[in-house]
Number of protein chains: 2
Amino acid sequence: MSDLLGRLRTRGWRLTAQRRVVAEVLDGDHIHLTADEVHARAVRRLPEISRATVYNTLGELVNLGEVAEVSTDHRAKRYDPNAHRPHHHLLCARCGAIRDVHPVGDPLADLPESERFGFSVSEVELTYRGVCPDCAA
Amino acid sequence: MSDLLGRLRTRGWRLTAQRRVVAEVLDGDHIHLTADEVHARAVRRLPEISRATVYNTLGELVNLGEVAEVSTDHRAKRYDPNAHRPHHHLLCARCGAIRDVHPVGDPLADLPESERFGFSVSEVELTYRGVCPDCAA
DNA sequence: TACTTGACTTGGACTTCGTCCATTGTAGGA
DNA sequence: TCCTACAATGGACGAAGTCCAAGTCAAGTA
């Protein structure tokens, strides 16, 4: 995620105050925010920024592969700035907390040809569910 | 899923026309329906059934472990009556089609203790994404 | 069989998350 | 500095899902 802005500029991204702020918010250690949380934090730095712009910008960042969307069932989608290092997610069924995890092995290789039904499979998403230490206490 | 109704009755479920219809709809080969699709099909058999009842009933079936919820990112949740035989999903990024698949190996075992961060992990959900033969054509 | 009661259903209002669009603003090249 | 195509705005809209007060009914009891 570092030097995200530089990378985007070379791809022809027009650099506006709003986009800069959204990128900065994601770049913090506030990981896995919802769009509304991103908006709330963005507003602290740029009070006039609109929800629509936050959604637009997040959508573009996802398309560009700079940010990953995570659907957790816990209502709103979350945005994960750690899109460059492949990883999966571990989430707490009680409070919705998310952690990035790195399982060993390659789940893609575990899907035999006979189980692919003619699909060209390109991606795997692995979500572990459990109870986090705080909620277990 | 067979004899679902019998199983539910022994668990103290009150058997109403509405619940019976929802169970029947899921029991068909129409797999992975959204709540609205379930409602649409239920209405064909029982015109007065309300959306709220469909949502309630689906929620109960999920709690009882008879039906699994699948979040596909493609907007609405889908309901999978095949909850008794563990499996994962393969879905088409273009049209949203879903298939049940059975990868080899156990992804739970692939998450080392050091990557569990104190969570008690109990479940894994594995989603393969790709393009189905129809959409590739 | 009729009665009773607590569980179930209803439908409409409401909430949340997200998209759309016409208008206004502005980044960055000439 | 000026132009213009791209971006931002905000308010209306839409889809998915939840909530609730009032009415209904399954099934246990007599």
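Computed from a prediction, not measured in an experiment: that's the story for all the values here. Note on naming: letters A, B, ... go to the chains in the order of the sequence lines (proteins, then strands), and numbering restarts at 1 for each one.
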Please check if the side chain of [X] supplies one atom and the backbone of [Y] the other of a donor-acceptor pair under 3.5 Å.
X      : Y      : value
B:H87  : B:R85  : yes
A:E37  : A:T34  : yes
A:R78  : A:I31  : no
A:E115 : B:H102 : yes

For nucleotides 16-20 of chain D, tabulate all protein N/O to nucleotide N/O atom pairs closer than 3.5 Å, reporting atom names and distance.
unit_1, atom_1, unit_2, atom_2, d
D:dG17, OP1, B:K77, N, 3.1
D:dG17, OP2, B:Y55, OH, 3.1
D:dG17, N7, B:R51, NH2, 3.1

Without decimals, in angstroms, what is the distance between [X] [atom1] and [N] [atom2]?
X     : N      : atom1 : atom2 : result
B:Q18 : C:dG11 : CD    : P     : 10 Å
A:E48 : D:dG11 : CD    : C1'   : 18 Å
A:R20 : D:dA8  : CZ    : P     : 12 Å
A:N63 : C:dT19 : CG    : P     : 11 Å
B:L46 : D:dT24 : CG    : C1'   : 14 Å
A:H39 : D:dG10 : NE2   : C1'   : 10 Å
A:E60 : D:dC6  : CD    : C1'   : 10 Å

Can a side-chain donor-acceptor contact be found between B:E125 and B:H89 if the only test is distance below 3.5 angstrom?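 Per modelled atom types, B:H89 and B:E125 side chains form no pair under 3.5 Å.
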Does the pair B:E60 and B:R19 meet the rule for a salt bridge (Lys or Arg N to Asp or Glu O under 4.0 Å), with working shown? CA-CA 10 Å; B:E60 284 154 16; B:R19 288 174 165 185; 3.0 Å; yes
Is there side-chain contact between B:E66 and B:R7, with at least one heavy-atom pair below 4.5 Å?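 A side-chain contact exists here, since the closest heavy-atom pair is under 4.5 Å.
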Measuring only between side-chain heavy atoms, which start at C-beta, is A:H88 closer than 4.5 Å to A:T127?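 Counting from C-beta outward, A:H88 and A:T127 never come under 4.5 Å.
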Interface polar pairs with nucleotides 28-30 of chain C, N/O, under 3.5 angstrom:
unit_1, atom_1, unit_2, atom_2, d
C:dG28, OP1, A:L15, N, 3.0

Looking at the side chain of B:R19, which of D:dA7, C:dC8, D:dT9 is the nearest nucleotide?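 For B:R19, the side-chain atoms sit closest to C:dC8.
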Membership question, hydrophobic clusters at under 4.5 Å side-chain separation (ILVMFWY): are B:Y128 and A:L126 in the same one?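 Result: yes, single cluster for both.
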